[in-house]
Amino acid sequence: MSEVRRHFEANGQGHVFAFYESLSDDEKASLDEQAAAIDLDEIAELTVTLIQSNNHESAKISDGIEPANYIPLPNKEGGDPARWIEAQAKGEAALRAGRVAAFTVAGGQGTRLGYDGPKGTFGVTPVLKKSLFQVFAEKILASSQIFGRPIPWYIMTSRINHEASEAFFEANDYFGLSSDRVHFFSQGLMPAVDAEGKILLADKGEIALSPDGHGGSLRALVRSGAVRQMEADGIDIISYFQVDNPLIRCIDPSFIGFHLETGSELSSKMVPKAYAGEKVGVFCEEGDKALVLEYSDLPDKFARATDENGELLYRAGSIAIHLFNRDFVNRLGSGAEESARLPFHLAHKKVSYLDTTGNVQSPAEPNAYKFEMFVFDALPFAANPVIIETAREDDFSPVKNANGVDSAVTSSEDQLRQFARWAIAAGIEVETDDTGLPKVAFEVSPLFGDTTGRFASAWDALEDKPELTDGLVLV
Ligand code: UTP
């Protein structure tokens with residue numbers, strides 16, 4: 001009997017090997033490998049602390065919690081334009097010095113979108129349907145050109161989409177980036193378990209594994225060697241964003257400047273919540289620590305409370321855009337400090353599994369527990385956390401769902417509104433509706449894709465200015 005199998009037997013998980021003798025040698029090796037990567041002590045502990053304690057909910061609001069302070073946009077109440085200009089200059093200097101890497105978490109399963117393939121390969125732009133990966137690649141390329149330094153890009157995948165993601169970049173010549181500056185690595189996996197903590201099999205030689213959450217990115221950055229490589233390359237700031245948001249400013253000099261100015265280990269962007277019940281996490285403070293409370297943990301009376309100006313008190317919505325210090329990632333991701341580990345959260349889900357007779361069962365009701373870490377749980381561990389405001393329309397419109405809110409349609413319309421604003425700022429006449437949506441669908445290349453006025457000067461320089469018509473692409 002193999003070492004790993006003995007270990008599983010001894011820990012009450014021997015059933016994982018119930019069909020072992022019927023497997024081919026390759027399948028046996030694969031099952032051994034999957035099993036060896038699982039920390040059974042961790043699973044046992046999580047079973048007791050999360051599943052069996054009936055403590056299915058994460059932290060509730062405590063007395064010391066207050067709304068988070070944040071740096072308002074220059075044109076908002078309390079905003080300080082000079083401070084933003086200074087921050088931008090600081091950020092630009094860091095970029096010219098090559099201190100910044102882009103980092104995308106793309107290991108999720110994207111079940112809500114229901115698209116067959118890595119989410120990053122999903123076409124999102126209004127006319128050309130450029131993929132999310134291409135949009136980010138071109139924005140990163142544009143920033144590299146502006147600051148005269150190639151900006152490396154780290155992309156976290158999972159076992160399910162790793163090969164397909166990498167193949168997509170290869171097939172598309174890395175969208176103009178240099179292939180040795182684009183680094184892929186896979187995140188960790190966690191097994192699904194039943195209510196007794198028994199690990200589920202997906203098939204005779206396959207454990208029911210799923211990615212360990214976007215919070216798994218911290219340990220994956222360390223385990224994959226990415227952090228070491230960043231250190232060797234003189235990179236100490238990691239610009240974190242999710243794979244589903246085509247409006248993101250992948251590289252934002254002002255944000256970087258504020259991060260540096262305050263000596264922050266982990267910085268975040270907020271947008272004011274659109275309405276009290278909006279389902280986004282909210283930045284809060286407890287003493288000198290920042291944290292994100294999930295919307296389900298924010299009691300209604302707090303969610304609705306307003307300040308003297310009638311604005312929501314707990315308004316700082318989290319949009320999953322962060323800057324990490326490399327050393328901070330190393331500290332948390334290496335797990336060296338017992339007291340600085342990200343907690344796991346529990347999700348009760350429907351998971352197909354192999355029953356004891358070897359038949360696959362697809363339950364109609366949730367039957368299994370999955371364990372995931374959330375990246376914002378790193379916030380309370382960070383020194384000098386800073387939160388800055390950003391304009392939602394220039395940074396955030398995710399593609400989460402197949403239809404309705406946060407779908408391909410809403411995101412495409414938000415891109416169109418942004419293109420219209422840029423075009424109008426460049427002096428082009430654009431007819432829009434009341435929401436700023438242009439009457440014709442046109443597209444501006446992400447190679448101009450920021451607010452530095454690149455698009456306006458390129459437009460100025462054009463001798464033959466095209467008519468704004470449906471399907472026009474400004475490259
Ligand atoms: P979501 O929470 O939207 O999850 O991830 P998801 O898996 O993409 O989609 P659903 O919930 O199944 O529909 C937010 C971001 O975190 C990444 C996703 O790829 C996305 O960029 N993520 C999520 C990971 O990288 N790993 C994970 O384990 C989970």
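All ligand and atom numbering here is 1-based and tracks the order in the structure. Below, all heavy atoms of this structure are taken into account, side chains as well, without hydrogens, waters or symmetry copies.
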K350 atom NZ, over 12 foreign heavy atoms within 6.0 Å: no
Would the H214 and F374 ring centres measure less than 6.0 Å apart? yes
Candidate with minimal heavy-atom separation from atom 1 (P) of ligand 1, of R112, Q109, K370: R112
Can R392 and D414 be counted as an ion pair, charged N to O under 4.0 angstrom? no
Could you check, using the six-membered ring where one of them is a Trp, whether W153 and F169 have ring centers closer than 6.0 angstrom? yes
Short N/O distance, under 3.5 Å, between Q187 and ligand 1? yes
Counting only heavy atoms not in D180, do more than 12 sit closer than 6.0 Å to its CG atom? yes
Would you call the rings of F168 and F175 parallel, tilted or perpendicular, where under 30° means parallel and over 60° means perpendicular? tilted
Note: P211, heavy atoms under 4.0 Å from ligand 1, region reported as both
Heavy atom of the protein closest to atom 3 (O) of ligand 1 (residue, atom name, distance): K400 NZ, 2.8 Å
Test of proximity, G107 against ligand 1: N or O pairs below 3.5 Å: yes
Stepwise ring-ring contact (aromatic ring centres under 6.0 Å, His included) test for F122 and Y115: CA-CA 8 Å; F122 185 71; Y115 164 69; 5.0 Å; yes
For the ring pair Y314 and F283, is the centre-to-centre distance below 6.0 Å? no
In this structure, atom 24 (C) of ligand 1 is nearest to the protein heavy atom G108 N, 3.2 Å
Could you tell me the residue and atom name of the protein heavy atom closest to atom 8 (O) of ligand 1, and the distance to it rounded to 0.1 Å? G110 N, 3.8 Å
Show the atoms of ligand 1 that are less than 4.0 angstrom away from any heavy atom in V243. 19 (O), 21 (O)
State the atoms of ligand 1, each with its element, that fall below the 4.0 Å cut-off from a heavy-atom position in Q242. 14 (C), 15 (C), 21 (O)
Which residue and non-hydrogen atom of the protein lie closest to atom 20 (C) of ligand 1, and at what distance in Å? V105 O, 3.8 Å
Only heavy atoms of M156, strictly under 4.0 Å: list the atoms of ligand 1 that pass. 25 (O)
Which residue and atom name correspond to the protein heavy atom nearest atom 16 (O) of ligand 1, and how close is it? H214 CD2, 3.4 Å
Below 4.0 Å from any atom of ligand 1, is there a heavy atom belonging to G213? yes
For atom 12 (O) of ligand 1, what is the nearest protein heavy atom, given as residue, atom name and distance? T111 OG1, 2.4 Å
Is a salt bridge present between K130 and E138, judged by a nitrogen-to-oxygen distance below 4.0 Å? yes
